[in-house]
J.: 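Sharing a structure with you now.
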Amino acid sequence: MDLLRTRMDKVRHKIAVISGKGGVGKTLVTVNLAVALAVRGRNGRVGILDADIHGPCVPKMLGLKGSRLMSGPPGVFPALGPLNIKVVSMDFLLPSDDAPVIWRGPLKMGAIRQFLSEIAWGDLEYLLIDLPPGTGDEALSVLQLLPEMDGVVIVTIPSEVSQDVVKKAVTFARKMEAPVIGIVENMSGLICPHCGERIDVFSSGGGEKIAAEMEVPFLGSIPLDPRISKDSDAGVPFIVEHRDSPAAKSFDAIVEKIEKFVERR
Ligand SMILES: Nc1ncnc2c1ncn2[C@@H]1O[C@H](COP(=O)(O)OP(=O)(O)OP(=O)(O)O)[C@@H](O)[C@H]1O
Ligand SMILES: [Mg+2]
């Protein structure tokens, strides 16, 4: 535990990205927020802990598939992604892509504890933690191991099905005494590339509505964009490739709100 504290004391801000439902874009949001933070003068001072033990996807989205963790005297070194983002993921430890991790809660907590304590994270300004969906073992472990967490960012899509479970994520954060930085609405409308009309694939305005209902800040919305999915599959950060896209501008605005939130604390 002491080693964990020594390492984590050198990380200024810690933010977990959570959701109620799966597949709403947590990993996409984590990766692009990390890039947006790093672009703003923090090259080498942003890290991502991929705490999705069963379905780690951060390496794929950052072009780090196949990386392995090297160790040296201060500990195990994180892999380095674009803008020297420091990345640690279960994916780096698995023998092959189809190898599953079949672990119960205590083992997963042990792995997360080791990721926080044995990795030589160094001095970081931001550590973002990408979690699997819901309020299970991994989310619980992260919030228990890092009670000093600056807060959580909750990702949702506009549909009512997702809204219902977002409330659970907000309540979970409150129970764990982790501040809610705010809600991000992802997959928020699609602009038809042919006619330019907006199609609300998953309905609209749900994120803002639920934020008001639960009395937490609304951070912004990110549209559906086929290029986002293509870039994440190719392992290139979308917001660097498409600086002028509405999604990139949205990420910038969200990051500004996050910076303000953590500075106020
Ligand atoms: N706004 C978007 N436009 C287009 N594709 C998107 C968008 N957001 C996410 N995606 C794609 O949708 C898929 C799911 O996203 P992602 O893996 O980030 O979800 P998740 O919430 O982390 O899933 P899980 O619950 O399994 O961890 C990915 O292929 C991602 O590239
Ligand atoms: Mg994910």
Side-chain angles (χ1 to χ4, degrees), residues 15-36 48-65 81-82 87-92 94 97 100-101 108 112 115 128-139 141-142 152-159 161-166 168-169 172 183-193 198-204 206-207 219-242 245-254:
I15 294 170
V17 179
I18 67 172
S19 75
K21 279 193 78 59
V24 293
K26 286 174 297 303
T27 307
L28 187 277
V29 167
T30 308
V31 161
N32 282 281
L33 285 181
V35 172
I48 302 179
L49 169 61
D50 183 355
D52 191 334
I53 303 288
H54 298 288
C57 289
V58 173
K60 169 88 176 162
M61 287 198 194
L62 280 177
L64 290 172
K65 276 304 277 185
V87 182
V88 170
S89 170
M90 196 68 202
D91 191 60
F92 299 146
L94 297 175
D97 276 353
V101 173
K108 289 192 268 182
I112 291 171
F115 284 155
L128 302 187
I129 302 163
D130 182 34
L131 284 158
T135 52
D137 293 316
E138 294 84 342
S141 305
V142 163
V152 300
V153 168
I154 301 176
V155 183
T156 184
I157 59 171
S159 69
V161 171
S162 182
Q163 300 312 303
D164 288 348
V165 275
V166 159
K168 293 186 199 296
F172 169 73
I183 291 182
V184 172
E185 181 183 277
N186 186 28
M187 308 196 184
S188 173
L190 165 78
I191 307 298
C192 171
R198 181 185 161 108
I199 307 161
D200 285 318
V201 181
F202 298 109
S203 173
S204 74
L219 296 177
S221 48
I222 296 150
L224 268 170
D225 187 331
R227 296 172 301 176
I228 292 185
S229 162
K230 204 167 158 218
D231 280 356
S232 17
D233 281 353
V236 286
F238 174 80
I239 61 160
V240 173
E241 287 295 299
H242 300 98
S245 63
K249 289 189 180 134
S250 217
F251 271 114
D252 276 342
I254 292 169

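Whatever order the structure lists ligands and atoms in, that order sets their numbers, starting from 1.
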J.: Quick one: does Pro223 get a heavy atom under 4.0 Å from ligand 1?
T.: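 A heavy atom of Pro223 does come that close to ligand 1.
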J.: Within Thr27, is some N, O or S atom less than 2.8 Å away from the Mg ion (ligand 2)?
T.: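 Yes, since at least one N, O or S atom of Thr27 sits under 2.8 Å from the Mg ion (ligand 2).
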J.: Where's the contact between Pro132 and ligand 1, heavy-atom distance under 4.0 Å: side chain, backbone, both or neither?
T.: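 Neither part.
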J.: Considering only heavy atoms from C-beta outward, does the side chain of Met61 approach that of Thr27 to under 4.5 Å?
T.: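 With C-beta onward as the side chain, the pair touches.
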J.: Would you mind checking which non-hydrogen protein atom is closest to atom 18 (O) of ligand 1, with the distance to 0.1 Å?
T.: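 Going by distance alone, atom 18 (O) of ligand 1 is nearest to Leu28 N, 2.8 Å.
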J.: For Glu185 and Gly206, work out which heavy atoms get closest and say how close.
T.: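 So the two residues come closest at OE1-N, 3.2 Å.
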J.: Looking only at distances, please establish whether an N/O atom of ligand 1 is found under 3.5 Å from an N/O atom of Thr27.
T.: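 N/O-N/O distance under 3.5 Å: yes.
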J.: Could you check atom 3 (N) of ligand 1 against the protein and tell me its nearest heavy-atom contact, residue, atom and distance included?
T.: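 Nearest neighbour among protein heavy atoms for atom 3 (N) of ligand 1, to 0.1 Å: Asp225 N, 3.1 Å.
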J.: Under a 3.5 Å cutoff, is there a donor and acceptor pairing between the side chains of Ser162 and Thr156?
T.: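 Yes.
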J.: What atoms of ligand 1 come within less than 4.0 Å of a heavy atom belonging to Asp52?
T.: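 Within the 4.0 Å cut-off of Asp52, ligand 1 contributes 27 (O).
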J.: Give me the nearest non-hydrogen protein atom to atom 31 (O) of ligand 1 as residue plus atom name, then the distance to 0.1 Å.
T.: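 For atom 31 (O) of ligand 1, the nearest protein heavy atom comes out as Ser232 OG, 2.7 Å.
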J.: Any salt bridge linking Asp91 with Lys60? Criterion: basic side-chain nitrogen under 4.0 Å from a carboxylate oxygen.
T.: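 Between Lys60 and Asp91 there is no salt bridge, as every charged N stays at least 4.0 Å from the carboxylate O atoms.
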J.: Of the side chain and backbone of Asn186, name the one, both, or neither that has a heavy atom under 4.0 Å from an atom of ligand 1.
T.: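 Side chain only.
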J.: Say whether Asp231 and His242, considering side chains only, have a donor N or O and an acceptor N or O under 3.5 Å apart.
T.: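 Note: Asp231 and His242 side chains meet the donor-acceptor criterion.
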J.: Looking only at distance, does Asp130 have an N or O less than 3.5 Å from an N or O of ligand 1?
T.: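 Asp130 vs ligand 1: no N/O contact under 3.5 Å.
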J.: For Ala139 versus Gly134, what's the shortest heavy-atom pair and its separation?
T.: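 So the two residues come closest at CB-O, 4.0 Å.
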J.: Is it the side chain (CB and beyond), the backbone, both or neither of Ser229 that lies under 4.0 Å from ligand 1, heavy atoms counted?
T.: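 It is both backbone and side chain that touch ligand 1.
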J.: Under 3.5 Å, is there a donor-acceptor pair between the side chain of Ser250 and the main chain of Ser221?
T.: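 Confirmed, Ser250 side chain pairs with Ser221 backbone.
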J.: Go through ligand 1 atom by atom and flag the ones less than 4.0 Å from a non-hydrogen atom of Gly22.
T.: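 That gives atoms 25 (O) of ligand 1.
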J.: Considering the heavy atoms of Pro133, write down every atom of ligand 1 situated less than 4.0 Å from one of them.
T.: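 So the atoms of ligand 1 that pass are 25 (O).
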J.: Using heavy-atom distances, let me know which of Met187, Lys26, Met61 sits nearest atom 17 (O) of ligand 1.
T.: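 Of the listed residues, Met61 has the closest heavy atom.
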J.: Looking only at distances, can you tell me whether any N or O atom of Ile228, backbone or side chain, sits closer than 3.5 Å to an N or O atom of ligand 1?
T.: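 N/O-N/O distance under 3.5 Å: no.
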J.: With a 4.0 Å cut-off, would you call Lys26 and Asp130 a salt bridge?
T.: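 Judged by the 4.0 Å cut-off on N to carboxylate O distance, Lys26 and Asp130 do not form a salt bridge.
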J.: Is there a protein heavy atom at a distance of less than 4.0 Å from atom 7 (C) of ligand 1?
T.: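 Yes, at least one protein heavy atom sits under 4.0 Å from atom 7 (C) of ligand 1.
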J.: Do the non-hydrogen side-chain atoms of Ile222 and Ile228 ever get within less than 4.5 Å of each other?
T.: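 They are in side-chain contact.
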J.: To which protein heavy atom is atom 19 (O) of ligand 1 closest, and what is the distance rounded to 0.1 Å?
T.: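 Here the closest protein heavy atom is Gly25 N, 3.0 Å.
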J.: Determine whether the side chains of Ser141 and Glu138 contain a donor N or O and an acceptor N or O closer than 3.5 Å.
T.: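 No, no side-chain donor-acceptor contact under 3.5 Å.
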J.: Looking only at protein heavy atoms, which one is nearest to atom 14 (C) of ligand 1, and how far off is it?
T.: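 Closest protein heavy atom to atom 14 (C) of ligand 1: Gly23 O, 4.2 Å.
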J.: Compare all side-chain heavy atoms of Ile15 with those of Ile129 and state whether any distance is below 4.5 angstrom.
T.: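 No; the side chains remain at least 4.5 Å from each other.
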